[in-house]
Amino acid sequence: MDLGRVSRHGEAEWWVEPYGAMRVPAVLYASEPLMREMDEKVYEQACNVASLPGIVKASYAMPDAHWGYGFPIGGVAAFDEEEGVISAGGVGFDISCGVRLLETPLTREQVEPLKEALADALYHEVPVGMGSTGRVHLDDAQMDAMLAGGARWAVEQGFGTWGDLPRIEEGGCMAGARPEFVSRRARQRQADEMGTLGSGNHYLEVQHVAHVEDARLAEAYGLREGQVVVSIHCGSRGLGHQIGTEYLREMLLEAARQGLKLPERELACAPIRSEVGREYLGAMRAGINCALANRQIITHLVRQVFARVAGVSELGLLFDVSHNTCKREEHEVDGKRRGLFVHRKGATRAFGPGHPELPPGLREVGQPVLIGGSMGTASYVLAGTEESETRAFSSSAHGAGRSHSRHDALRHWRGRDVVESLARRGILIRSPSMRGVAEEAPGAYKDVVEVVDAAEVAGLSHKVARLEPLACIKG
DNA sequence: ATGTCC
């Protein structure tokens, strides 16, 4: 990106003052090297978002931002609940794609001899890859219950424990879901896909805590150096995608009816108070519950594998964050509390200490912010801080962020080579798709350390621990 | 992200 187009407002904060149709500034959080590398498309898309009706304060991009559909991935935008809009492209197609972190009582030394067996068993038990189906099959009534209940429904069905629920955003159940606005086709696509990982950047990874960055917070989170943890990254599979596709079309029609001027059709949106807006909100919330239930079922499968292979089943849930959402939240804007609909697309909510929505045990210290690295590289646990509330409506980065397109990655890397080079470093990869592995080559992503450092310097969240991979099940 | 174009 040409830094001549932005003005610097801090070590890791860059502004585009409103011009043309922009109603508010665009604010990009990144270090100077990340800014130089960042796609010009992020600049354009963040500015486009800034022109949408009812946007409040600014259109934001996180340090891992890259080119997305309409909104950048790594984009945050909040809209006034009376005059604002909601956008399917602003949430993303994989509704509530997210990450959860499970903590085992095992050390790296204990797991090393079991690594192959764990990788094989996880790969066998957790369905992965495009179009994969699982052992859970839902009829229409069960689908309604799942879409309304989320992870709470999954626990009722015997997946995981009641103690998991407070460690999930929304207590594991997104309120206001309206299953009746989820189409027959979306339901059909999901009927056999519960408890499956999917493909693309989704993964299930066995990791160890390589370094504690903040001893007090690590202790509060139950993390210690050498400990083995498990990360689960997946979303709402076919259902979320179908909801996104259908409502995008509806929003194009609605925007035309309302006479909204869109910078491009990918920014299709509808007034939050319109019928289409309310229906999407209900369907999207049902999509959130689908993703929460999905991660809850996979958690159960992971615990079963660990019980069988390693003799331990007490894998506590640190936290579950969603990356692709639009949520009604109250934030202070110019000294006033306002109800806002906050779109986070490839961005993590990062509530600081004292936030009433955090459960006991986390409320005192701030919310865990889980940042998944690329395959074979580090992941990070960070924490929301008091400062986070003053940055992008309490948001942070969500991952390393792509630096090369999938197409580009296929020309640069071969899946088999990637698997072999990681194996030489002791990192096991299990995947049905060598093409997928090539697309996900570590080199196709930004350096997660740079992203996390930028998040810290920008005041988005605070580093707690670095995780390094041992084995990765890749979709 | 996605039954990788109903």
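- Atoms CE (A:M130) and P (B:dC5) sit 8 Å apart, rounded to a whole Å.
- The 12-atom threshold is not exceeded at CZ of A:R152, counting heavy atoms of other residues, nucleotides or ligands nearer than 6.0 Å.
- When rounded to the nearest whole Å, the span between CD of A:Q242 and P of B:dC6 equals 9 Å.
- Residue A:Q188 contributes atom CD, which lies 14 Å from atom P of B:dC6 at whole-angstrom precision.
- Other residues, nucleotides and ligands place no more than 12 heavy atoms under 6.0 Å from the NE2 atom of A:H124.
- For the pair A:L248 CG and B:dC6 P, the interatomic distance rounds to 14 Å; values are reported in whole Å.
- Contact annotation for A:G238: backbone-only contact, meaning every heavy-atom pair under 4.0 Å involves sugar-phosphate atoms and none involves a base.
- Tested against A:H343 for a ring-ring contact (aromatic ring centres under 6.0 Å, His included), the candidates A:Y280, A:F79, A:F393 yield a single pass: A:F79.
- Rounded to whole Å, the distance from NE2 on A:H407 to P on B:dT4 is 19 Å.
- Each salt bridge (charged side-chain N to carboxylate O under 4.0 Å, His left out) pair with one or both residues in residues 230-250 of chain A, not counting sequence neighbours, appears once here: A:E193-A:R237.
- Taking a 6.0 Å sphere around CZ of A:R273, one finds it holds more than 12 heavy atoms contributed by other residues, nucleotides or ligands.
- Within residues 191-199 of chain A, the residues having any heavy atom under 4.0 Å from DNA chain B are, by residue number, A:E193, A:G198, A:S199.
- Rounded to whole angstrom, the span from the CE atom of A:M434 across to the C1' atom of B:dT4 amounts to 18 Å.
- When the shell of 6.0 Å around CZ of A:R5 is examined, it contains more than 12 heavy atoms from other residues, nucleotides or ligands.
- Distance A:R185 CZ to B:dC5 P: 14 Å, rounded to the nearest Å.
- Residue contacts for A:R435: at a heavy-atom cut-off of 4.0 Å it reaches no nucleic acid atom on any strand shown.
- Whole-Å rounding puts the A:R237 CZ to B:dT2 C1' distance at 8 Å.
- Residue contacts shown for A:G235 are absent, as no nucleic acid heavy atom lies under 4.0 Å away.
- Screening residues 42-57 of chain A for salt bridge (charged side-chain N to carboxylate O under 4.0 Å, His left out) gives A:K41-A:E44 as the qualifying pairs, with residues at least two apart or on separate chains.
- Nucleotides of DNA chain B nearest to A:R406 and A:R249 differ in position, and the one nearer the 5' end is that of A:R406.
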